[in-house]
Structures are given as C-alpha cells and as structure tokens.
Amino acid sequence: MALNSVSLALTGSGGAGVMTSGQVLVDAAAKAGWYGLMARSLGPQIRGGESAALLRLSPEPVQSMDDCYDLMLAVDWGNIERFASEIPLTSKSIIVTDPAQGEVPEIMRRNNPIIVEIPLKEIAKSVEGGRINMVALGLVAKVIGLPEDYCIEVLSKALAKKGPEALEKSIAGMRAGAEYADKLTGVPTLDAPRTDHGERWSITGNEATGLGALRGGVRFVAAYPITPATEVLEYMAPNLPKLGGALVQAEDELASINMAIGGSFGGVPSLTATSGPGLALMTESIGLSVASETPVVIINVQRGGPSTGIPTKSEQVDLNIAINGLHGDAPHLVTAPTSIADSLFTAQWTVYLSEAMQAPAIVLTDQAMGQARAIIDKPADLAFVGQRRKPELVSGAVEDGYQRYAVTNDGVSPMAIPGMKGGEYTADGLEHSPRGTPSTQAQHHQEQLDKRERKLKTFDYGDHWADIEGDGEIAIITWGSVTEQVREAIDRIAETKGLTVKLIALRLLSPALPEKMTEALKGVKKALIVEQSHSKQYTLMLKAHYDLPPVYDTLHRPGPLAIRPHEIVTALDALVAKS
Amino acid sequence: MNIQTPAPQALTFADYKSDLKPVWCPGCGDFSVLSAITKALATLQLPREDVALVSGIGCSSRIPAYTSVYGFHSVHGRALPVATGLKSARPDLTVLVAGGDGDGFSIGGNHFLHACRRNVDLTYIVMDNSVYGMTKGQASPTTEGDWTGSKLTPEGPGVAEFQPLEIALSAGANYIARGFSGKPNELTKLICDAVEHPGFSLIHVLSPCVTFRPEQREYKTMVHDGFGGAAFDEGTPDRREAFRRLMDDDGYSCGVLFKGNTPAFKPQTDAPRTIEEIQGDFIL
Ligand SMILES: Cc1ncc(C[n+]2csc(CCOP(=O)(O)OP(=O)(O)O)c2C)c(N)n1
Ligand code: SF4
C-alpha cells in the first residue's frame, strides 16, 4: 500500500515563528500516535531571515521526505526564491497565502498549485495577543485532522515558563485559525494512528549519533564547532559529565583530533565530531591513530563541498577523503548510518569496532539526517560496548617482556593503559618493532603493515556491514541518508509494478568486504547505484573494490536538493528497459 | 633535623631510563635534559606507570622512548593537544610534555597559546636550540634574524625572534621558568617545582645543537642566575613584576620567572546518571 502521509511546508521570515509551529505539529502528531519527520531549511543569514519548517507525518514510520508537498503555508513571501526549489509543488498542492502579503511569487506558481487566500495576519489581530504562527498551527492541525488537545498538551509544556496567560492566547490564536479549515479541501487525510504502540522517541540524527557514541562507551570528546556537526557536541557536552566523562572545546581541529587520541591513549574511548573542512585538517593525525594503534572515532557530518561549500545543506561527498585521504598505507574504518534512527546503531557499533580493533573509525553522517528530527520507535538495546584488549596482569603487573605491538594472529595486540604497572611503552607514529622501538627495518614495516591490515580484514563484522533487504534480479546499491528515499522507491515499485527490488545499503564503507558483496549480489542481474555526489564518489569506490553486475546505472547528483523517491523510480524504469 | 632516608625500594634516576640508546649527536644538549627529567622523577618518586611523557617530532621530541614511563611520540607540533586530551581524560596521571622550539612555537604555535590560557595541569619542557635539528639546520621561530647558517634562508630569516616567555606570560601560563641543559641539577629543581605547581608550566631550556649551531657551546659562559636581579628560585606571582623582569632579560637568565595562582582547568563534572536516565530525554 502506498505510504499514507501528508507533507507540509511552513515558511516565513525570521520572527514569524514557523519553526515553533512545525515543532509543535510534529510533537503533537507524535503524541497522537503518528510518526513524523521535520527538517529545517534556513537561509544563509546567521540569525533571523527566512526559514522553512518541512514536515511529513504518517501513521507509518517515515524518515525521508516525499516527492512534493501537499500543503504550503506562507506567513509571508520574503526571499522565498532562496529555498523555493526545496519545496516542490504539483497541481494538487495547496498554497495558503495571506492576501496582505501580496501576490504568490511566480516561482511558486509554476506547477499551477491551488492557491487559497486566508488573511492570517488579520485573524491574528482579531484575537488579543494573537500570533500568526499559532493561527497557522491551528489551521493546519485542523486540516490534517490532528485533535486540538494534543497541540495544547505540547504547547502547555513549551509555554510552562511563560504562564497560563501565554497559553490561553496561543490557544485562542489556534482556534481562530482552525475556523478557516473549511476553506481548504483536498489535503490528504491521515489514517487513524495506532493506539497500542510502544514507547516512541523524538530525536534528531545528530542526537542519535551522540547517544550511540555514549552507549558505545565514549567518555572523552574534544572538538571544534562546525555546521552541521555542532549539535552532536551540544548533545554530548551536558551528558558526558553525568556519565563521568568530559568534553573539551579545542582551539581547532588539529587540536581536537589529537586531544581525542590523547584521551584514548589514557584508556578512555574518545571521539571528535566535525564536517568536511575539519576532517581535512585532521587527516595527518588520523594516520597517527593508525600507526600508533590508538583507537579514536571521528563523526563527520557531511555538507556541501569543496572548501566552505554549502555549510547548511547536505551532500555525500566526503567519501573519498574518508576512505582515501590518509597518507601512507593506512587501513582504517569508515562507516555510515542508513537513517536517522540508524545513526544510533551505527555510532554505537563503530565505537565498538574502533575499540576492538584499536583503529581510527570515521562515521559519515550528513546534514540531511543529522539536522532532521524524527519520531521513531524506541531503539533496541545493543550489546556493543567498546572493549579494548589489554595485557593480563600477573600479581598486579604486566609480565616482563611485554610487547605493545606484538604480531598476533588476528592482528590485535594487547594495549597497556597508563596506570598499568609494567606495561610502560611509548606509542609511536614512527614505524616500530613489536616492542615499539622506532625502526626502519623492512621486516618490521612489512610485519606491522600486515598486522594493521589483517586486524580489519579478518574481523567478524556479522550482518551489520550492510542493510540488505528484499530480493530480486535488480538491486539498488546506496548508502547514507539517501537509503530512506531508496526504501520508499522500492516499496512504490513493488506496489505499482509488482517488481521486487533488492536493497543493498553499505554500513561499512571501509574496509571493503568483496566476498560479502559477491554473496549479496548473487542472482542480481542489474543494479542501480544511488548517491548524492557530482563526481560519483560512491560508484567509483564500488567499482574499485567489488564485482558489480554487468548492467548498472548510477543516479547521482550534487546537493543541496534531496534526491526524491520519484527520481529513483524513474531511474529504475530506465534500467529495467535496458538490455 | 629530620633527614628522610629513602626507602630501600626507592627508584633511582636510572630506573626512569629505558635501555634505548638515544639517536642524538654526541654533545647534544638534549642528553642532559633527559637526565634532568629522570632525576626529577626520582626526586618526586613518582610511580613509573602513573607518569606519561608526550612529545611531537624533532630530535628533542625523541625523548619519551628514552624513559621508562608511559610515552607518546606523536606528530609534529601536536604534543600539547595529545597531552591535554590525556590529562583531561585521566586527571590522575602526571603528564609531562617535551619537544623543540620548532615543534612548539612554529607548527604548534597555536596550541602553545591555547595550552597557556587553558591552564591544564601539564609541565611543558621546550628544548630550544634556535634551529630545526632534525631536518638539518633550518631557522626556527627563535633563530636570530641575521643568522645565515641555513641554505633555506641564506640572507638570514630576517624575522624578529619569537619570545616564548613573554608569550607564555601574556597567554596565561601559571608557571614560567628557564633552564640550561649544561646545568642539569638546576634544571632538575625546576622540573620538580613545575610538576608540583598546579596548572600549565613552561620550562624553556637552552639546549645547544652542537651540530648545526656549534656556537651554542658558548651558552655556558652566557647563562646567569635569576631574572631582573631576583634569585634563581625567586619567581614572582605578580604579572606586572614578571613583565618588568622579562624586559631586562638578555635571553640567558635562568631560574623561575613567574608562579601564578590561577587554578588548573578541569573539565566539568556532574552528578552521576545512567544511560537509561539520559535516554529518557527522548521519550515522548
Ligand atoms: C607535518 C610535518 N611537517 C614537517 C615535518 C618535518 N620536521 C620534522 S622535525 C622538524 C623540525 C624540528 O625542529 P625542532 O622542533 O626545533 O626540534 P629539534 O629537532 O631542533 O630538536 C620538521 C620541520 C614533519 N615531520 N611533519
Ligand atoms: S642535530 Fe642538533 S639537536 Fe639534533 S641531535 Fe644533533 S645536536 Fe642534537
């Protein structure tokens, strides 16, 4: 069955409060038992300016945006051209506009949406202390069939500090708006929510990433602020001390990666978070983590690049630097979550991997999933907690002859932690002997290179290396936040064309596991690769490491516009037609 | 008088040395700095497993592996961040940082500023030879502007020298001293003093590079005790006075310059909670 959902865009200039309306709508919808997703689109200015709250609500779990919006409510039209392209409309879409704000701009009328004039400002004025965003909230809630009580419940919590009067004014505004709901017909209605559901969470991708890292055992963080990664840090900063950990704001990314490596050398699972420009600065020391075998986790929330690029918009373009950006032969881990909810799983799993293998791990999330909020089912408790292999103590000390970089079968050498008597060693970025003594000997270099490669290649990653769903002779191979749109496209194809398509979304991007991919591609005759990169970074990576089916296409383009499910359906149609 | 006799199992300075033979040129000042560090650790009787010595890259930065405490020989310029992370995550450890003038004041210059003002409890020993020893003799930030000894700057670097002590004082270091590798016993005292003083301590050590700056062998005739007329160990807690003493410094004054009272930086701590309680924030 096609996903029953409604997509809403609330826009207005700064101060109009559309973000608040959006937030109340998702939270109230969640209280009512629906699922939801809310993304924000902000203009380039630091504060204020125009903004858009982009919502999708459904009785079923939703973690990606639909093809177009059912309802767009514009409080005003200031600078709409800046994000008009992010709000695709059709001839069935409805625009609610206030006649006091002038004509609907040409750019929004291109696909002939239905235009309904409602005097939002005047309605707000008619109520004492009435605000336009509350009028909008009441109107939209009524139109989509969201009972008023849920909105009031959310508002009373949000306005608790402002007192009962503020709440009353908001309710009056909402009710005044709701009276105009009859003027809007044709907005999809949502099926009744399930009432017997279990615990639900409201969480952003960046929060989920931070929580996953905490659950994996991270107790030290050092970082330098950067959009769109800062919220990972803002989430972790107040929570780390509660768990006995600490966060240090570093002077730059060169410092933050090295502080994290220092913390980890001290035996405390450590992390830093950044975005492309910061990751570029960190690469030398990620190599230090490889060579000294000091685990560290780097969360990289991708944004449009290169250089400062488009800091507030999403792109999947740090794959190359994450996998290939280090100097020397430097095997390390690169992972990526496949949805907002999965950010928790992937971050936790990655901490576990990094600690188990004493290797740096880069987690590639992106702006689209990092900064969006979703209503999700309570995530499962996971057993993945970072555990480092340490030397055994015999009567309180490490036994004589301890070798920090001992050559072992699985490539992991027991790591002494400061405080362990007898385990004293010097961690080194210089190539070294098993004991850790700097060495230029060919044999030592070969042995240590082999060991560092072996520990990653022979590790048992279980089924978590990829999300593999469904079956069929056609597969879509994708990664990252785009996976959710692919999932939706696959469902639509199954429903409209009766065609089953297999999904392969890699969670482990490095090291490559060719045997697992061959297994996953068994029986697959054609593949569509979907990625948000101008230069096809993912496709080229796949080609370099895996045997792809003889016929394959790539749907790829840069940000800032999200790849929509219908584009994937169209690309798949073209692939099917290919012989 | 109560004379303390060391317990029989007391560690000697030799116990803090590793069995590795340093790569340094015979006569390099860094040998004596290594001795002074091990003597200081023996004086303080710090358990080896509870001490970490962190460095960057350079001849001087090779020092951790020559000791028997935990060590981290990191990358060029980043010793201070590695040490800051280690001390923040493990406040129970004694963390020393060591390296050269290029490592600390050039490529690591920004970290030096911020380590001073962050005031984490670290002891930073800079072996200053006014040259890049490891890369074979280029000008460093503390090289005289008219030094023509490098092919890279045949006319001399033409830039005024970086003033480590002035910068450290301005930036907020809590303990500032200068030592000379040729006087290892005095240097030992400074290191003990700095380790025991809370917050960020800088010990600027004149440590000759006999290979690329052979004229530095003359340091021994140029060094003298005390800043601005004060005695060797007479550091002032007063910044104004410390600046005054620095204005009279010829670059060869040795001893304690400044002993501040700023409390050391400690990351925030909070009442304990469990992961389950923290997750509760997301429940609808
Ligand atoms: C990123 C980077 N750039 C350059 C180098 C080369 N390099 C190694 S040591 C060094 C300078 C060392 O000078 P200093 O810190 O004064 O130490 P010294 O050798 O004199 O003790 C340089 C430039 C490097 N290792 N890494
Ligand atoms: S080159 Fe200079 S600094 Fe390096 S070991 Fe030799 S004397 Fe010491």
Side-chain angles (χ1 to χ4, degrees), chain A residues 27 30-31 199-203 207 211 214-215 219-220 222 237-239 241-248 250-252 254-268 270 284-285 287-288 292 294 375 378 416 418-430 436-438, chain B residues 18 20 23 47-54 57 62 64-93 95 108 110-111 113-115 118 120 265-275 277-279 281-284:
Chain A
D27 288 354
K31 287 215 180 290
E199 187 176 306
R200 296 248 174 101
W201 288 15
S202 165
I203 197 165
E207 289 168 341
L211 176 61
L214 292 176
R215 296 204 329 184
R219 291 297 179 269
F220 180 68
N239 284 310
K242 293 173 188 156
L243 297 167
L247 180 141
V248 173
E251 54 270 31
D252 56 30
L254 301 166
S256 49
I257 181 69
N258 285 290
M259 287 182 183
I261 290 171
S264 172
F265 172 72
V268 178
S270 301
E284 185 198 11
S285 288
L288 172 65
S292 67
T294 313
I375 308 300
K378 177 188 186 235
M420 290 178 90
K421 202 172 170 174
E424 299 86 357
Y425 75 101
T426 294
D428 212 319
L430 278 176
T437 311
Chain B
S18 77
L20 292 189
V23 293
R48 285 175 292 204
E49 65 273 20
D50 295 337
V51 180
L53 175 54
V54 179
I57 295 293
R62 287 285 195 132
Y66 307 142
T67 72
S68 62
V69 298
Y70 278 92
F72 205 135
H73 183 213
S74 73
V75 287
H76 195 27
R78 315 298 164 211
L80 285 170
V82 172
T84 300
L86 176 58
K87 181 71 185 177
S88 304
R90 289 288 306 277
D92 57 310
L93 301 174
V95 182
N110 192 36
H111 307 312
L113 280 184
H114 291 280
R118 193 177 281 118
V120 170
F265 169 86
K266 282 205 187 74
Q268 186 202 347
T269 52
D270 206 336
R273 277 175 81 190
T274 62
I275 277 277
E277 287 169 313
I278 282 173
Q279 287 184 174
D281 295 344
F282 296 114
I283 299 174
L284 277 159

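Residue numbering restarts at 1 for every chain, and letters A, B, ... go by the order of the sequence lines.
Put simply, of B/S18, B/P47, B/A52, B/S74, the one with the most heavy-atom pairs under 4.5 Å next to chain A is B/S74. Ranked by heavy-atom pairs under 4.5 Å with chain B, the list A/A427, A/A222, A/G423 is led by A/A427. Considering only heavy-atom pairs separated by less than 4.5 Å from chain B, the leading option among A/D252, A/D27, A/L214 is A/D252. Heavy-atom pairs under 4.5 Å with chain A peak, among B/D270, B/V95, B/N110, at B/D270. Counting heavy-atom pairs closer than 4.5 Å to chain B, the top-ranked of the candidates A/S264, A/G436, A/A416 is A/A416. Comparing A/K378, A/K31, A/R200, A/R219 by how many heavy-atom pairs each has under 4.5 Å with chain B, the most go to A/R200. Interface remark: of the candidates A/P238, A/A255, A/S285, A/A246, A/A255 forms the most heavy-atom pairs closer than 4.5 Å to chain B. Note on B/P81, B/A89, B/P267: by heavy-atom pairs under 4.5 Å with chain A, the leading option is B/P81. The candidate from A/G419, A/G429, A/G266, A/G267 with the greatest count of non-hydrogen atom pairs under 4.5 Å with chain B is A/G419. Looking only at heavy-atom pairs under 4.5 Å with chain A, the residue among B/H114, B/H111, B/K87, B/R62 that has the most is B/H111.
With B/R90 contributing its side chain and A/P418 its backbone, the two residues share a donor-acceptor pair below 3.5 Å. The backbone N or O of A/M420 lies less than 3.5 Å from a partner atom in the side chain of B/Y70, making a donor-acceptor pair.
Only the backbone of B/A271 comes within less than 4.5 Å of a heavy atom in chain A; its side chain stays farther off. With a threshold of 4.5 angstrom between heavy atoms, B/I283 approaches chain A through its backbone and through its side chain. Heavy atoms closer than 4.5 Å to chain A are found in the side chain of B/L20, but not in its backbone. For a residue to count as touching a neighbouring chain, one of its non-hydrogen atoms must lie under 4.5 Å from one of that chain's; by this rule B/V69 touches chain A with the backbone only. For B/T274, the part lying near chain A is the backbone, with the side chain staying farther off; criterion is any non-hydrogen pair under 4.5 Å. In this structure, no portion of A/S270 lies under 4.5 Å from any heavy atom of chain B.
The line from CD of A/E424 to CG of B/D50 is 9.0 Å long, rounded to the nearest 0.5 Å. Taking CD1 of A/I375 as the start and CG of B/L284 as the end, the distance is 5.0 Å to the nearest 0.5 Å. With values rounded to the nearest 0.5 angstrom, B/R78 atom CZ is found 11.0 Å from A/L288 atom CG. Here the OG1 atom belonging to B/T84 is positioned 7.0 Å from the CD atom belonging to A/E251, to the nearest 0.5 angstrom.
Counted within 6.0 Å of NZ on A/K421, heavy atoms from surrounding residues, nucleotides or ligands total 12 or fewer; the atom is thus considered open.
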side-chain contact (heavy atoms from CB on, under 4.5 Å) assessment of B/R118 paired with A/V248:
CA-CA 10 Å; B/R118 193 177 281 118; A/V248 173; 4.0 Å; yes
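Scanning all heavy atoms of the two residues, the minimum distance from A/S292 to B/F72 falls at OG-CZ, 3.7 Å.
Side-chain atoms of B/F282 and A/L211, non-hydrogen and from C-beta on, do get closer than 4.5 Å to each other.
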